[in-house]
A.B. asks: 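Got a structure for you, questions after.
The sequence lines fix the lettering, A, B, ..., with proteins before strands; numbering per chain opens at 1. Quick note: numbers below take in every heavy atom, side chains included, and nothing from hydrogens, waters or symmetry partners.
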Number of protein chains: 2
Amino acid sequence: MVASLVGDPARANMLTALMNGRALTASELAQEAGITPQTASSHLSKLEAGGLIEPEKQGRHRYYRLTDPDVAGVLEGLAGLAARAGHMRVRTGPKDPALRRARICYDHLAGDLGVQMLDSLRERRLVKQKKQDIELTVEGERFLARHLQISPDMLTHPRRPVCKACLDWSERRHHLAGTLGAAMMKRFTELKWAARDATPGSRVVNFTRAGEKQFAALFGSGHE
Amino acid sequence: MVASLVGDPARANMLTALMNGRALTASELAQEAGITPQTASSHLSKLEAGGLIEPEKQGRHRYYRLTDPDVAGVLEGLAGLAARAGHMRVRTGPKDPALRRARICYDHLAGDLGVQMLDSLRERRLVKQKKQDIELTVEGERFLARHLQISPDMLTHPRRPVCKACLDWSERRHHLAGTLGAAMMKRFTELKWAARDATPGSRVVNFTRAGEKQFAALFGSGHE
DNA sequence: ACAATGCTTCGGCTATCATCGAAGCATGAA
DNA sequence: TTCATGCTTCGATGATAGCCGAAGCATTGT
């Protein structure tokens, strides 16, 4: 049953594209498999029904990832068997280095730095993340007020959550969204730490030298 | 590629039937999968080309087994994934206990006791087996002369090998065939250790109480 | 020698399923 | 609101591949 799912070439291409553990949108998977979005949609439904992949809705995108490390393991095993008398398959990811580094995701920071920021917050227990939901801890509130002059009052909004995990396009891991994510990006801009690129339509975020230093001091990886 | 092989229901049934590590004939596999021999032949060719199974020719039968424990492992993994939202599949083997215990295979001993005998011979280096070919060692010749009054002269035959590994029907492991296998069965009969069952067409071999004891003394498992 | 058994090859039929065009929803942007 | 984008559903087409009947080898048994 499940083997027939992996058996189809198009689906196999999709699954191998997901083997790195990151998530891809339906369109990307379609392109990866060399088929139209309609066909891909059908395949993705079947893979999801078979429990091989899990969707994550993100705005008008739909990200898919392998449900489990176990799934990846079985796929790895199949690839191993195929390697005895067959071929292989690989692919890479996006391109623009600046985009991968830092960019705007709607109204908050995304890219390498965005992911790094959320990682740092989580590591220091300034936020608590369960699945997709993120909660700001008391220590987190103090941190924001102290270092970024952001008070909890500024984060209330009629129909938008304060914190939210947003799947990152280039890193394929979560970064911080919600009113907090937007507030922080706004503050970075106000503090002249960073600014959106001037060229129209660009989503690149350019950090100043000073801003990068400050950002690293707050959310750097060698931080503890 | 290899996944599509496992994907087909008929082939999947065949493979799961082979999961116990024993070998099955093409006809048995056809019946297992609920298809005609012609169709099964096609499937088996593909599975062999894919490196999942290996054939062993045995007279006019053709036994197939999984090439590798690795193959079984991957199949096990697939079954595990399927178990999260699907069904299972099992089967059993032959039936008659007496047949499984000891029976005639052409002119030599087969069944549990036959396999046990070859195992014992191999263990004590009385024979050397490479693949399908078995050679009698010097120690083996001495052993035969001493305990069973079988001299090497009795084993020569124009167009038949002295020793040969024969795939066992019920145990699905090798037992001893060739002129040596035939000579030993003949000797067992002469010594009144065993006799073919009286009912016509039966292949069952009945051991006497004394014979069973002697046999165990020579080829018993707790032997060393 | 001949017959019987086990398996394979060949040819044609059929059904399943991947594929895409077109249209419909949902979400975000202006 | 209106438009654009991402994805899904529907319907029809087409090709791949499983399936079996008939015939052909190969091996064993008489």
A.B. asks: How long is the line joining CG of Leu5(B) and P of dA17(D), in whole Å?
C.D. replies: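 One finds 11 Å between P of dA17(D) and CG of Leu5(B), rounded.
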
A.B. asks: Would Glu48(A) and Ser45(A) satisfy side chain to side chain donor-acceptor pair (under 3.5 Å), going step by step from the backbone distance to the final call?
C.D. replies: CA-CA 5 Å; Glu48(A) 184 185 349; Ser45(A) 303; 5.7 Å; no

A.B. asks: Nearest whole angstrom, please: distance from the P of dG6(D) to the CD of Gln31(A).
C.D. replies: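 Roughly 12 Å, once rounded to whole Å.
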
A.B. asks: For the pair made of CZ in Arg60(A) and P in dA4(D), what is the distance, rounded to whole Å?
C.D. replies: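 Taking CZ of Arg60(A) and P of dA4(D), I get 12 Å after rounding.
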
A.B. asks: Please list, chain by chain and in numerical order, all residues satisfying side-chain contact (heavy atoms from CB on, under 4.5 Å) with Thr208(A), sequence neighbours excluded.
C.D. replies: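 Applying side-chain contact (heavy atoms from CB on, under 4.5 Å) to Thr208(A) gives Ala210(A).
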
A.B. asks: Rounding to a whole Å, what distance do you find between His61(B):NE2 and dT28(D):C1'?
C.D. replies: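 For the pair His61(B) NE2 and dT28(D) C1', the rounded distance is 9 Å.
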
A.B. asks: Got a sec, which residues hit salt bridge (charged side-chain N to carboxylate O under 4.0 Å, His left out) with Lys192(A), two or more places apart in sequence or on another chain?
C.D. replies: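 Lys192(A) satisfies salt bridge (charged side-chain N to carboxylate O under 4.0 Å, His left out) with no other residue.
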
A.B. asks: Tell me whether the side-chain N/O atoms of Lys57(A) come closer than 4.0 Å to OP1 or OP2 in dT27(C).
C.D. replies: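 Indeed, a polar side-chain atom of Lys57(A) lies that close.
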
A.B. asks: Rounded to whole angstroms, how far apart are CG on Leu29(B) and P on dC19(D)?
C.D. replies: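 Taking CG of Leu29(B) and P of dC19(D), I get 14 Å after rounding.
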
A.B. asks: Under the salt bridge (charged side-chain N to carboxylate O under 4.0 Å, His left out) rule, collect the residues that match up with Asp8(A), sequence neighbours excluded.
C.D. replies: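 Once residues adjacent in sequence are excluded, Asp8(A) has no partner under the salt bridge (charged side-chain N to carboxylate O under 4.0 Å, His left out) criterion.
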
A.B. asks: Report yes if a side-chain nitrogen or oxygen of Arg62(B) is closer than 4.0 Å to either non-bridging phosphate oxygen (OP1 or OP2) of dA26(D); otherwise report no.
C.D. replies: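 No, outside the criterion.
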
A.B. asks: With sequence neighbours excluded, what pairs up with Lys46(B) under the side-chain contact (heavy atoms from CB on, under 4.5 Å) test?
C.D. replies: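 Partners of Lys46(B) by the side-chain contact (heavy atoms from CB on, under 4.5 Å) criterion, ordered by chain and then number, come out as Leu5(B), Arg11(B), Ser42(B).
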
A.B. asks: Could you tell me which residues satisfy side-chain contact (heavy atoms from CB on, under 4.5 Å) with Ala26(B), sequence neighbours excluded, listed by chain and number?
C.D. replies: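 Ala26(B) satisfies side-chain contact (heavy atoms from CB on, under 4.5 Å) with Leu44(B), Tyr64(B) only.
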
A.B. asks: Can you list everything that forms a side-chain contact (heavy atoms from CB on, under 4.5 Å) with Thr189(B)? Sequence neighbours excluded, please.
C.D. replies: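 For Thr189(B), the residues satisfying side-chain contact (heavy atoms from CB on, under 4.5 Å) (neighbours in sequence not counted) are Met185(B).
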
A.B. asks: At a cut-off of 3.5 Å, list every protein nitrogen or oxygen paired with a nitrogen or oxygen from nucleotides 11-15 of chain C, distance to 0.1 Å.
C.D. replies:
none

A.B. asks: How does protein contact run along nucleotides 16-25 of chain C, one letter per nucleotide 5' to 3', with B for base contact, S for sugar-phosphate only, - for none, heavy atoms under 4.0 Å?
C.D. replies: --SSBBB---

A.B. asks: Suppose we screen for salt bridge (charged side-chain N to carboxylate O under 4.0 Å, His left out). Which residues come up paired with Glu141(A), at least two apart in sequence or across chains?
C.D. replies: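 Glu141(A): no salt bridge (charged side-chain N to carboxylate O under 4.0 Å, His left out) contacts found.
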
